[in-house]
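The block underneath contains the structure these notes are about, expressed in structure tokens.
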Amino acid sequence: MVIGMRLHFQVSGEGFLLILLHGFLGSLDNWRAVSKRLEGRYKVYSLDLRNHGSSPHSGVMNYAVMAQDLCEFLNEHRLPSAFVLGHSMGGKVAMQFATDFPNRVEKLIVVDITPKEYKPIHRPILNALLALDLKTYKSFGEVDTALAAEVPEVPVRQFLLKNLTRGKDGRLGWRIHLEAIARNYDDLTMAISPQRKFDHPVCFIRGGRSNYIEESDVPMIREAFPQAEIKTIVNAGHWVHVDASEEFLKVVTEFLKTGD
């Protein structure tokens with residue numbers, strides 16, 4: 001039996017429920033700008049997935065248990081159903097949840113990810129983080145410098161360092177459960193396991209400068225999600241909601257209000 005855990009969350013706004021799920025090595029903070037724009041229309045719940053942000057840590061991490069986490073979150077807060085929006089890894093959690101518990105999802109938005117298996121492209125980053133002995137560093141800047149050789153892209157390092165925290169004893173540490181994420185990383189690259197087709201409205205939003213959703217993926221997407229529509233935001237990369245926030249918000253709000 002899969003047992004979920006109580007996820008950390010923030011909630012704002014009024015209206016129909018909208019759940020936001022972040023991507024790999026992210027947190028609910030990644031949705032802060034988006035949630036502020038959407039809270040005028042929806043009651044927005046931003047969640048930290050297990051082993052991320054301020055949510056509990058666990059040695060088990062795969063899409064089945066993370067979908068169960070989301071189900072237990074809805075149960076705990078007495079939320080019968082919701083709109084669900086997930087980016088990257090969070091999009092896979094959202095897809096697994098929608099196919100496991102279709103009656104709990106009114107509409108689904110998946111941002112720049114498909115149900116398929118992906119290559120383990122983040123393994124070098126995980127190895128670089130694991131190689132750091134945080135006891136030897138006194139500042140965030142020192143950690144940034146130490147990462148630069150293996151992670152030369154400044155925006156990527158800035159994103160990763162959002163997971164760094166300073167404890168009450170003054171020592172640096174990771175908020176994420178880095179070891180568990182690394183151990184379970186192969187499971188996170190795997191395809192989801194749809195229990196059934198999800199026959200409610202679905203919108204896949206892809207970045208025109210990203211290769212996460214390719215034309216060859218569309219038949220496979222529609223096999224599990226027959227009502228899926230695919231929207232491309234031309235000038236965006238994988239972080240669609242950051243690269244083209246206005247166009248992203250327009251696509252999201254138009255999709256969610258359709259048929260209301």
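All values derive from a computational prediction rather than experimental measurement.
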Over all heavy atoms of both residues, which pair between Ser88 and His238 is shortest? Give the atoms and the distance, please.
-> OG-NE2, 2.9 Å
Pairwise side-chain contact, Leu129 with Leu147, heavy-atom cut-off 4.5 Å (strictly under) = yes
Cluster overlap Leu28 with Phe24, hydrophobic side-chain contacts below 4.5 Å | no
Candidate pair Ile176 and Ile181, rule side-chain contact (heavy atoms from CB on, under 4.5 Å), full reasoning | CA-CA 8 Å; Ile176 53 174; Ile181 292 171; 3.9 Å; yes
Between Met89 and Thr189, is any pair of side-chain heavy atoms under 4.5 Å apart?
-> no
Would you kindly say whether Ser58 and Arg50 are connected by a side-chain donor-acceptor distance under 3.5 Å?
-> yes
So which heavy atom on Ala236 is nearest to which on Ala244, and how close?
-> CB-CB, 4.2 Å
What pair of heavy atoms forms the shortest contact from Gly207 to Asp112, and how long is it?
-> N-OD1, 2.9 Å
Can you find a pair of side-chain heavy atoms, one from Arg175 and one from Ser27, that are under 4.5 Å apart?
-> yes
Enclosure of Asp187 CG (heavy-atom neighbours >12, cutoff 6.0 Å) = yes
With under 30° as parallel and over 60° as perpendicular, where do the rings of Trp239 and Phe159 fit, or are they tilted in between?
-> perpendicular
Rounded to the nearest 0.5 Å, what's the gap from CG on Asp48 to OG on Ser54? Could you check?
-> 5.5 Å
Mind checking the NE2-CD spacing from His241 to Glu246? Nearest 0.5 Å is all I need.
-> 14.0 Å
Do Glu72 and Arg6 sit within salt-bridge range, that is, some charged N less than 4.0 Å from a carboxylate O?
-> no
Is the closest basic N to carboxylate O distance between Asp199 and Lys197 below 4.0 Å?
-> no
Under the side-chain contact (heavy atoms from CB on, under 4.5 Å) criterion, do Asp243 and Ile233 qualify, and how do the steps go?
-> CA-CA 9 Å; Asp243 296 340; Ile233 297 182; over 6 Å; no
Tell me, please, whether Phe255 has Lys257 positioned over its six-membered ring: NZ or CZ under 6.0 Å from the ring centre and within 45 degrees of its axis?
-> no
Contact summary for Glu247 and Thr232, nearest pair of heavy atoms | OE2-O, 4.4 Å
Does some side-chain heavy atom of Tyr118 sit less than 4.5 Å from a side-chain heavy atom of Lys92?
-> yes
Going by heavy atoms in the side chains, are Leu249 and Val34 under 4.5 Å from each other?
-> yes
Does Leu161 share a hydrophobic cluster with Val242, counting links as ILVMFWY side-chain heavy atoms below 4.5 Å and allowing steps through other members?
-> yes
Please step through side-chain contact (heavy atoms from CB on, under 4.5 Å) for the pair Ile109 and Val252, ending with a clear verdict.
-> CA-CA 8 Å; Ile109 300 177; Val252 168; 3.8 Å; yes
Verdict with supporting geometry, Gln10 and Ser46, side chain to side chain donor-acceptor pair (under 3.5 Å) | CA-CA 5 Å; Gln10 291 180 354; Ser46 302; 6.0 Å; no
If we only count heavy atoms from C-beta on, is the Lys43 to Val11 side-chain gap below 4.5 Å?
-> yes
Contacts satisfying side chain to side chain donor-acceptor pair (under 3.5 Å) that involve residues 143-164 (not counting sequence neighbours) are Asp144-Arg157
Ion pair Lys231/Glu254, N-O distance below 4.0 Å = no
Hey, mind stepping through Tyr63 and Phe97 against ring-ring contact (aromatic ring centres under 6.0 Å, His included) and telling me if it holds?
-> CA-CA 8 Å; Tyr63 293 115; Phe97 177 72; over 10 Å; no
How long is the gap from CG on Asn51 to CG on Leu178, to the nearest 0.5 Å?
-> 10.0 Å
Is the distance between the ring centroids of His22 and His87 less than 6.0 Å?
-> no
Atom CZ in Phe248, atom OG1 in Thr253: separation rounded to 0.5 Å?
-> 10.0 Å
Would you mind reporting whether Leu172 and Thr165 have side-chain heavy atoms less than 4.5 Å apart?
-> no
Do other residues, nucleotides or ligands put more than 12 heavy atoms under 6.0 Å from Arg171 CZ?
-> no
Heavy-atom closest contact (Ile121 atom, Tyr212 atom, distance) = CD1-OH, 3.3 Å
Between Val84 and Leu20, is any pair of side-chain heavy atoms under 4.5 Å apart?
-> no
CZ/Arg183 to CG/Asp186 distance, rounded to the nearest 0.5 angstrom?
-> 12.5 Å
Taking every heavy atom of Leu256 against every heavy atom of Lys107, the minimum-distance pair comes out as O-NZ, 3.0 Å
Distance flag, aromatic centroids of Phe9 and His77, threshold under 6.0 Å = yes
Output for pair (Cys203 SG, Gln227 CD), nearest 0.5 Å, gives 12.0 Å
Trace of the side chain to side chain donor-acceptor pair (under 3.5 Å) decision for Asn211 with Arg206 | CA-CA 9 Å; Asn211 62 359; Arg206 64 181 173 185; over 6 Å; no
Please step through side-chain contact (heavy atoms from CB on, under 4.5 Å) for the pair Leu108 and His200, ending with a clear verdict.
-> CA-CA 8 Å; Leu108 175 66; His200 296 204; over 6 Å; no
Which of these passes ring pair (Phe, Tyr, Trp, His ring centres under 6.0 Å) with Phe16: Tyr45, Tyr42, Phe83?
-> Phe83
